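I have placed the structure first, in the form of structure tokens, so that the comments after it can refer back to it.
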Amino acid sequence: METKYIFVTGGVVSSLGKGIISSSLACLLKARGYRVTIQKFDPYINIDPGTLNPYEHGECYVTVDGHEADLDLGHYERFTDIQTTRANNVTTGRIYQSVIDKERRGDYLGKTVQIVPHITDEIKRNVKALGNTGNFDFIITEIGGTVGDIESLPFIESVRQLRWELGENCICVHLTYVPYIAAAKELKTKPTQHSVKQLQEVGIQPDILILRTERDISPEMRRKIALFCNVSPDAVIQSIDVPTIYQVPVNMHLQHLDELVLRKTGTPIEGEPHMEPWMQFLNKLKNATKTVNIGIVGKYVELPDAYKSINESLLQAAAYNDHRLNITFIHSEKLNEGNVDEQLSPLDGVIIAPGFGQRGIDGKFVALKWCRGHDVPTFGICLGMQCMVIEFARNVLGMTDANSTEMDTKTPYNVIDLMEEQKGISNMGGTMRLGAYDCELLPDSTAARAYGTTSVRERHRHRFEFNSDYRGQFENAGMRCVGENPASHLVEVVEIPGKRWFVGTQYHPEYSSTVLHPNPLFVDFVRAAIAYGEEAGHTN
Ligand code: GLN
């Protein structure tokens, strides 16, 4: 079949969940046997979100090919089980950089370079790049931002041009908000009408409207919206608040979103999507009665999106262990010897979060010393693993002031040090050790047992690493390096054997955990946490 293009735009306000809607549609199309991918176009000037802090943009997600990406790509992978790449996330910065490079090369010699057609052509080229691989039947393109933003205009204009060029092979899904005004006890459709008008003003007629709402939208109200917005009433779909985002594909299917998309793109509708494995997961999630209590020690506690992939990996792991998940965020800046017992003792398992820089690091050491001493299942990820190594050096090996050279360049014990390949690097953007690398695990390690294999491939995002000069001292004192990269021999996984579950990974296993294939390390960590909680008599 010819490749079909589906654009997802948003109106009224941001944070309506375009990523979840795009992911849900992709999930349904995939369950119907189609080859699907989702890409996100972000209207900011940064080349990628790698240089943004989590306060600006939530978690930075990393693709297998080493692209620092918007966190929506995490949703795409979790919902579809299809890996994304650099091509799935394009920013205004990337578009302009490419056009300016071409201008300097002389590709437009003699011409004035303009937003239309040069920038829009470059956007269109990027939109179609994945389609041109021949690997996909459906390309879902999410346009970041809200219709009407100055920044997103060139993207919207490109969508208008593509709809014209691609005809039936292209449709537009517009996501808007229907607020409930409590004082009037009414849902209001006016913002939706305005936002559709705004789209129409720039030449785009949406084919399908999805309305975010806290309350049920009546058939009468749907008809009214359909009438005002030039769409058929069956193409007005509501996306009501649900307890879990993983319910959204099911809700979309109940309102025939997948059939609508097939019909409107001229694709035959055959049978039903194969959603059984997804439903099994949802049932586990809904039917779990006992709770597992996991703490995340980090410095971005007030931002739920900062550790998005870790939260989702834990949720999946809990569901597959037939438990509900209760996450407690523990502010590493506020954790100290005086309050650690009170804060950590109710927990069944503790995650020491990834991160950068000195702020909040001491709380991570306090937490790790406590967890190691109390033999609580503990999982260190990236900086969390590095902190495991430093805490062990200080408190077991007696290396006072041991540190990472990221925090203290003059430390007498640089147990975590800048990687050799990083030493000449001065540019900050896209220059970390990024993407998927092989890791060989010792067969008798906790990690190998969890994965059920000794060869894994996981994603990285770091500049510093375990300093192998100290490896012998650590191993003699009981911290084993159980995973390493076969080519560079970088230490990727450390463990303390004999503990219930004490594992640190230099890589980020959370990036590869999906609904249908939860990451085995998370599943095993949560299993160990549940067992410990029961043993410790924690109330569930
Ligand atoms: N700051 C550490 C490094 O660069 C860890 C990074 C992380 O946790 N992602 O190596």
Side-chain angles (χ1 to χ4, degrees), residues 48-55 57-64 66-69 71 74 296-301 303 305-311 313 332-333 350-365 367-368 378-391 393 402-409 411 414-437 439 458-468 470 483-485 488 490-494 503-513 519 521:
D48 58 50
T51 54
L52 298 174
N53 77 29
Y55 292 104
H57 209 60
E59 166 189 280
C60 177
Y61 188 73
V62 179
T63 60
V64 275
H67 178 64
E68 296 177 288
L71 59 76
I296 299 183
V297 180
K299 62 181 167 186
Y300 299 115
V301 287
L303 295 172
D305 276 358
Y307 305 115
K308 191 85 201 164
S309 295
I310 294 179
N311 302 349
S313 303
S332 54
E333 271 187 295
V350 176
I351 295 226
I352 310 294
F356 294 83
Q358 172 66 33
R359 186 167 71 86
I361 202 93
D362 291 329
K364 288 186 174 172
F365 298 138
L368 278 163
T378 310
F379 193 175
I381 301 177
C382 205
L383 180 64
M385 170 270 198
Q386 297 175 354
C387 289
M388 272 182 168
V389 170
I390 297 165
E391 190 279 327
N403 217 329
S404 162
T405 48
E406 179 181 3
M407 319 305 162
D408 177 5
T409 47
T411 168
N414 54 343
V415 290
I416 302 293
D417 204 359
L418 191 64
M419 275 180 278
E420 215 39 56
E421 65 194 50
Q422 287 285 325
K423 290 192 174 152
I425 291 174
S426 56
N427 268 3
M428 297 297 277
T431 54
M432 282 188 244
R433 180 174 180 241
L434 291 165
Y437 285 89
C439 172
E458 296 277 14
R459 304 179 206 182
H460 297 69
R461 183 174 187 244
H462 63 123
R463 294 187 200 279
F464 295 81
E465 56 145 344
F466 181 92
N467 182 347
S468 288
Y470 292 96
E484 65 172 47
N485 177 272
S488 62
L490 292 183
V491 172
E492 307 282 29
V493 187
V494 297
V503 180
T505 59
Q506 182 57 76
Y507 54 73
H508 292 260
E510 70 272 24
Y511 293 144
S512 66
S513 195
N519 184 284
L521 266 189

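By convention here, the first residue in the shown sequence is residue 1. Basis for what follows: all heavy atoms, side chains included, without hydrogens, waters or symmetry-related copies. Please read all numbers here as calculations on a predicted model, not as lab measurements. Every number for a ligand or one of its atoms is a count from 1 in the order of the listing.
Contact of the F466 side chain with the E484 side chain is not registered, since no non-hydrogen atoms from C-beta on lie closer than 4.5 Å. You'll find the side chain of Y55 reaches within 4.5 Å of the side chain of L303, heavy atoms only. Counting heavy atoms from C-beta outward, E510 and P354 have side chains that approach closer than 4.5 Å.
Looking only at protein heavy atoms, the nearest one to atom 9 (N) of ligand 1 is R461 O, 3.0 Å. The protein heavy atom nearest to atom 10 (O) of ligand 1 is F464 N, 2.9 Å. For atom 4 (O) of ligand 1, the closest non-hydrogen atom of the protein is R463 N, 3.1 Å. Nearest protein heavy-atom contact of atom 7 (C) of ligand 1 is C382 SG, 2.9 Å.
At under 3.5 Å, not a single nitrogen or oxygen of P354, backbone or side chain, sits near a nitrogen or oxygen of ligand 1. Residue-to-ligand polar distances keep F356 apart from ligand 1: every N/O pair is separated by 3.5 Å or more.
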Worked verdict on Q506 versus Q386 for side-chain hydrogen bond (donor to acceptor under 3.5 Å, both in side chains): CA-CA 7 Å; Q506 182 57 76; Q386 297 175 354; 3.1 Å; yes
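At least one heavy atom of H508 sits less than 4.0 Å from an atom of ligand 1.
Nearest to atom 2 (C) of ligand 1 by heavy-atom distance, out of Q506, E406, H462, is E406. With atom 6 (C) of ligand 1 as the reference point, the heavy atom nearest to it among G355, A353, C60, S404 is part of G355.
With a heavy-atom cut-off of 4.0 Å, E465 does not touch ligand 1 at all.
Here the options are H462, H508, H460, the test is ring pair (Phe, Tyr, Trp, His ring centres under 6.0 Å), and the partner is Y437; only H460 passes.
In this structure, R461 contributes its side chain and G50 its backbone to a donor-acceptor pair below 3.5 Å.
Residues T505 and E458 bring no donor and acceptor atom of their side chains to less than 3.5 Å of each other.
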